[in-house]
J.: 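Handing you a structure now.
The analysis underlying the following values was restricted to heavy atoms, covering all of them including side chains, and did not include hydrogens, waters or symmetry mates.
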Amino acid sequence: MDSSMNDKTCKNFFDNNYVVRHLVVDESKDKKGLENPGADELRTKYHGEGEGIPFWLILDRDGNLLADSQVRAVGVSLDTKGENVGCPAAEKEVAYFISVLKKTSNLSETEEAAIEKRFRKNEN
């Protein structure tokens with residue numbers, strides 16, 4: 001996911017629209033010290049326990065959840081556990097990711113095309 005977001009075709013969009021922070025969870029026993037305190041609790045709060053990584057969230061300035069990496073049926077609340085898309089790669093995953101970006105930013109058609117093209121490369 002980081003490679004895609006930091007690709008020269010997408011980086012400016014993500015840098016200009018989001019503040020990206022990484023939380024470390026699920027480290028091996030000898031590397032538990034690398035985990036961020038409270039990260040696992042945050043993941044559990046947002047129904048990410050047992051999900052693959054990456055598990056991502058988009059919060060507003062006040063910390064309110066706007067969107068996450070879980071696909072849900074239309075009309076289902078963010079309070080309900082969905083299916084984690086992780087790093088979008090398959091056509092439906094990328095379409096979901098783009099729908100989230102449209103809801104949480106001013107995504108242009110040019111940016112949308114670049115993001116779709118780059119993230120679809122993750123499937124290979």
J.: Going by side chain to side chain contact (heavy atoms under 4.5 Å, CB included), name the residues that satisfy it together with Lys29, two or more places apart in sequence or in a different chain.
T.: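 Once residues adjacent in sequence are excluded, Lys29 has no partner under the side chain to side chain contact (heavy atoms under 4.5 Å, CB included) criterion.
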J.: Just one of Lys117, Arg118, Lys102 clears the salt bridge (charged side-chain N to carboxylate O under 4.0 Å, His left out) bar with Glu112, so which one?
T.: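 Result: among Lys117, Arg118, Lys102, Lys102 is the only option passing the salt bridge (charged side-chain N to carboxylate O under 4.0 Å, His left out) with Glu112.
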J.: Show, in sequence, the C-alpha distance, side-chain angles and deciding distance for Glu111 and Ser108, and conclude whether the side-chain hydrogen bond (donor to acceptor under 3.5 Å, both in side chains) test is met.
T.: CA-CA 5 Å; Glu111 291 165 330; Ser108 73; 3.2 Å; yes
J.: Restricting to side chain to side chain contact (heavy atoms under 4.5 Å, CB included), what partner residues turn up for Glu51, sequence neighbours left out?
T.: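 Partners of Glu51 by the side chain to side chain contact (heavy atoms under 4.5 Å, CB included) criterion, ordered by chain and then number, come out as Phe55, Lys81, Asn84.
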J.: So which heavy atom on Asp79 is nearest to which on His47, and how close?
T.: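 Of all heavy-atom pairs spanning Asp79 and His47, the closest is O-NE2, 2.6 Å.
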J.: Would a single hydrophobic cluster contain both Leu107 and Val20, if residues Ile, Leu, Val, Met, Phe, Trp and Tyr are joined by side-chain heavy-atom contacts under 4.5 Å?
T.: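 Cluster IDs for Val20 and Leu107 match.
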J.: Does the side chain of Val25 come within less than 4.5 Å of Arg43's, by heavy atoms?
T.: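 Yes, close enough: below the 4.5 Å cut-off.
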J.: Distance alone, cut at 3.5 Å: any donor-acceptor contact between the side chains of His22 and Asn36?
T.: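 Asn36 and His22 do not have a side-chain donor-acceptor pair below 3.5 Å.
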J.: Among side-chain atoms of Asn16 and Asn12, is any donor-acceptor pair under 3.5 angstrom?
T.: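 No, because no side-chain N or O of Asn16 sits under 3.5 Å from a partner of the opposite role on Asn12.
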J.: Using 0.5 Å steps for rounding, measure from the CD1 atom of Ile58 to the CG atom of Asn64.
T.: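 Reported to 0.5 Å precision, the distance equals 13.5 Å.
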J.: Do Tyr96 and Glu83 have side chains that approach each other closer than 4.5 Å (heavy atoms only, starting at C-beta)?
T.: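 They are not in side-chain contact.
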J.: Can you name the one residue among Asp15, Thr9, Asp7 that meets side chain to side chain donor-acceptor pair (under 3.5 Å) with Lys11?
T.: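 Testing each of Asp15, Thr9, Asp7 against Lys11, the sole residue satisfying side chain to side chain donor-acceptor pair (under 3.5 Å) is Asp15.
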J.: Write down the atom of Cys10, the atom of Ala114, and the distance for their closest heavy-atom approach.
T.: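 In this case the closest contact between Cys10 and Ala114 is SG-O, 3.9 Å.
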J.: Please determine whether the number of non-hydrogen atoms from other residues, nucleotides or ligands lying under 6.0 Å from atom CG of Asp30 exceeds 12.
T.: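 Counting other residues, nucleotides and ligands, CG of Asp30 exceeds 12 neighbours.
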J.: So which atom in Tyr46 and which in Gly63 form the shortest heavy-atom distance, rounded to 0.1 Å?
T.: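 In this case the closest contact between Tyr46 and Gly63 is OH-O, 4.0 Å.
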J.: Compare every heavy atom of Arg120 with every heavy atom of Glu91, then report the nearest pair and how far apart it is.
T.: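 Smallest heavy-atom distance, with atoms named: N-NH1, 3.0 Å.
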J.: Do any N or O atoms from the side chain of Thr80 and from the backbone of Val76 form a donor-acceptor pair under 3.5 angstrom?
T.: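 Checking the backbone N and O of Val76 against the side chain of Thr80, no donor-acceptor pair under 3.5 Å is found.
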J.: Grab the two heavy atoms, one from Pro54 and one from Ser69, that are nearest each other, plus how far apart they are.
T.: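 For Pro54 and Ser69, the tightest heavy-atom pair comes out as O-OG, 4.5 Å.
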J.: Would a 4.5 Å heavy-atom cut-off, applied to side chains only, mark Leu65 and Leu57 as touching?
T.: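 Yes, their side chains come closer than 4.5 Å.
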J.: Return the minimal non-hydrogen interatomic distance between Thr104 and Leu66, and the atom names on each side.
T.: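 Smallest interatomic distance, heavy atoms only, reads CG2-CB, 4.0 Å.
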J.: Taking atom CG of Asp40 and atom CG of Leu23, what is their separation to the nearest 0.5 Å?
T.: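 Here the rounded value is 10.5 Å.
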J.: How are the rings of Phe97 and Trp56 set relative to one another: parallel (under 30°), tilted (30 to 60°) or perpendicular (over 60°)?
T.: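 Because their plane-to-plane angle is over 60°, the rings of Phe97 and Trp56 count as perpendicular.
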J.: Is Val94 reachable from Met5 through a run of I, L, V, M, F, W or Y residues, each pair having side-chain heavy atoms under 4.5 Å apart?
T.: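 Yes, Met5 connects to Val94 through the hydrophobic network.
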J.: Using the side chain to side chain contact (heavy atoms under 4.5 Å, CB included) rule, take Asp68 and Arg72 through it: C-alpha gap first, then chi angles, then the decisive distance, then the call.
T.: CA-CA 10 Å; Asp68 61 25; Arg72 298 170 183 83; 2.8 Å; yes
J.: Check whether any side-chain heavy atom of Ile115 sits under 4.5 Å from a side-chain heavy atom of Phe14, and report yes or no.
T.: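 Of all side-chain heavy-atom pairs linking Phe14 with Ile115, at least one is under 4.5 Å.
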J.: Under 4.5 Å between side-chain heavy atoms, counting indirect links through other Ile/Leu/Val/Met/Phe/Trp/Tyr residues: same cluster for Val71 and Leu78 or not?
T.: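 No; Leu78 is not reachable from Val71 via cluster members.
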J.: Look only at the side chain of Glu116 and the backbone of Ala95, and say whether a donor-acceptor pair between them is shorter than 3.5 Å.
T.: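 Not at all, since once roles are kept as given, no pair shorter than 3.5 Å links the two residues.
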J.: Answer yes or no: does atom NZ of Lys8 have more than 12 heavy-atom neighbours from other residues, nucleotides or ligands under 6.0 Å?
T.: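 Atom NZ in Lys8 is not packed in, count stays at 12 or less.
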J.: When you measure from the side chain of Glu93 to the backbone of Pro88, do you find a donor-acceptor pair of N or O atoms at a distance under 3.5 Å?
T.: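 Judged by distance alone, no pair lies under 3.5 Å.
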